[in-house]
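Worksheet for the structure shown next.
Keep in mind that what you see is a predicted model, and the values were worked out from it rather than measured. Heavy atoms only: backbone and side chains are in, while hydrogens, waters and symmetry mates are out. All ligand and atom numbering here is 1-based and tracks the order in the structure.
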Amino acid sequence: MRKKIVAANWKMNLNLEEGKSLVDGILAGLPALTETKQVVIAPPFVHLAQTAQQLQGKANITLAAQNCYSEASGAYTGEISASMVKSVGAGNVIIGHSERREYFKESDALLAKKTSQALENGLRVIFCCGEPLEIRDADTQNEFVEAQIKAGLFHLTAEELKNVVIAYEPIWAIGTGRTASSQQAQDMHAHIRNVVAAQYGKEVADDTSILYGGSCKPSNAAELFSCPDVDGGLIGGASLKADEFLGIINAMMSC
Ligand code: PEP
């Protein structure tokens, strides 16, 4: 059965102390999660060890890195490998966030390598895709996102794809306060699931969690997460305050 997931992406925010109290606040109000209703926290790298300790022994709330490198080890100053991420206690990694694609010029080919590297090291990948505004305005978002999925994921086996969660994040909705309507989200999620089904079969596609990201907040989360193909959310701004993030988690619990 496919999982519903709410994942926090802190981006480059919060110092260690602030991160610690945010996680304490989330844990204090956390509802009883299950195997099929999970939470993921993706703080910056320097928080990972501390957050791992805070989450130790807690069921169905796991840790993610926001990125990892495409090579296993070596002379790549400033980079962090997938095995390092795994060794600090994180079980997930976000790959291909639109900010990585745009500001750090991460190509589809690099993201495909990062995805393989992460999976080889036992991490679950949260693979991001999503179109910029001009593509949405031209009504070519389906083709655009399909190309990102094919380029980033279709080198994987069906077995490998079981450890991939897809996050659809229309760039025009990220951090802008402008959310995709639940119909726009549902249409794209259904399209992504069809794209996955065409390559890997319906069973694999039906088991793949597809998260929505982009100005998701407690007031719109339940409507978005009630769409049949929307399996939760990747949350930026609203994940930085415990009460807001808990509101979104509770929306998932009620769907
Ligand atoms: C994100 O960056 O993944 C995101 C969805 O951000 P926000 O929720 O702030 O739009």
Quick check: Thr176 and ligand 1, any N/O pair under 3.5 Å apart?
no
Give, for atom NE2 of His155 and atom OG1 of Thr115, the distance between the pair rounded to the nearest 0.5 Å.
6.0 Å
Residue, atom name and distance, where the atom is the protein heavy atom closest to atom 5 (C) of ligand 1:
Glu169 OE2, 3.0 Å
Using a distance-only test with no angle check, is there a side-chain donor-acceptor pair under 3.5 angstrom linking Glu159 and Tyr200?
no
Proximal ligand 1 atoms for Ser215, defined as those under 4.0 Å from one of its heavy atoms:
7 (P), 8 (O), 10 (O)
For Asp207, all residues meeting salt bridge (charged side-chain N to carboxylate O under 4.0 Å, His left out), sequence neighbours excluded:
none
Under 3.5 Å, side chain of Lys37 to main-chain N/O of Met253, donor-acceptor pair present?
yes
From CG (Asp229) to CZ (Arg193), nearest 0.5 Å
4.5 Å
Polar atom proximity, Gly237 to ligand 1 (N or O, under 3.5 Å):
yes
Please could you name the atoms of ligand 1 that Gly213 approaches to less than 4.0 Å, counting only its heavy atoms?
5 (C)
Identify, with sequence neighbours excluded, every residue that meets salt bridge (charged side-chain N to carboxylate O under 4.0 Å, His left out) alongside Lys58.
none
Tell me whether ligand 1 is touched by Lys11 - counting only heavy atoms on the residue side and a distance under 4.0 Å.
yes
Is there a chain of hydrophobic side chains (I, L, V, M, F, W, Y, each step under 4.5 Å between heavy atoms) that links Leu111 to Val165?
no
Closest to atom 10 (O) of ligand 1 (judged by heavy-atom distance), picking from Gly236, Gly175, Ala8:
Gly175
Is the closest heavy-atom distance from Ala173 to ligand 1 below 4.0 Å?
yes
Check for me whether Gly214 has a heavy atom closer than 4.0 Å to any atom of ligand 1.
yes
Examine distances only and state if a side-chain atom of Ser70 and a backbone atom of Lys114 form a donor-acceptor pair shorter than 3.5 Å.
no
Can you list the atoms of ligand 1 that are under 4.0 Å from a heavy atom of His97?
1 (C), 2 (O), 3 (O)
Looking at Asn9, which atoms of ligand 1 are within less than 4.0 Å of one of its heavy atoms?
2 (O), 3 (O)
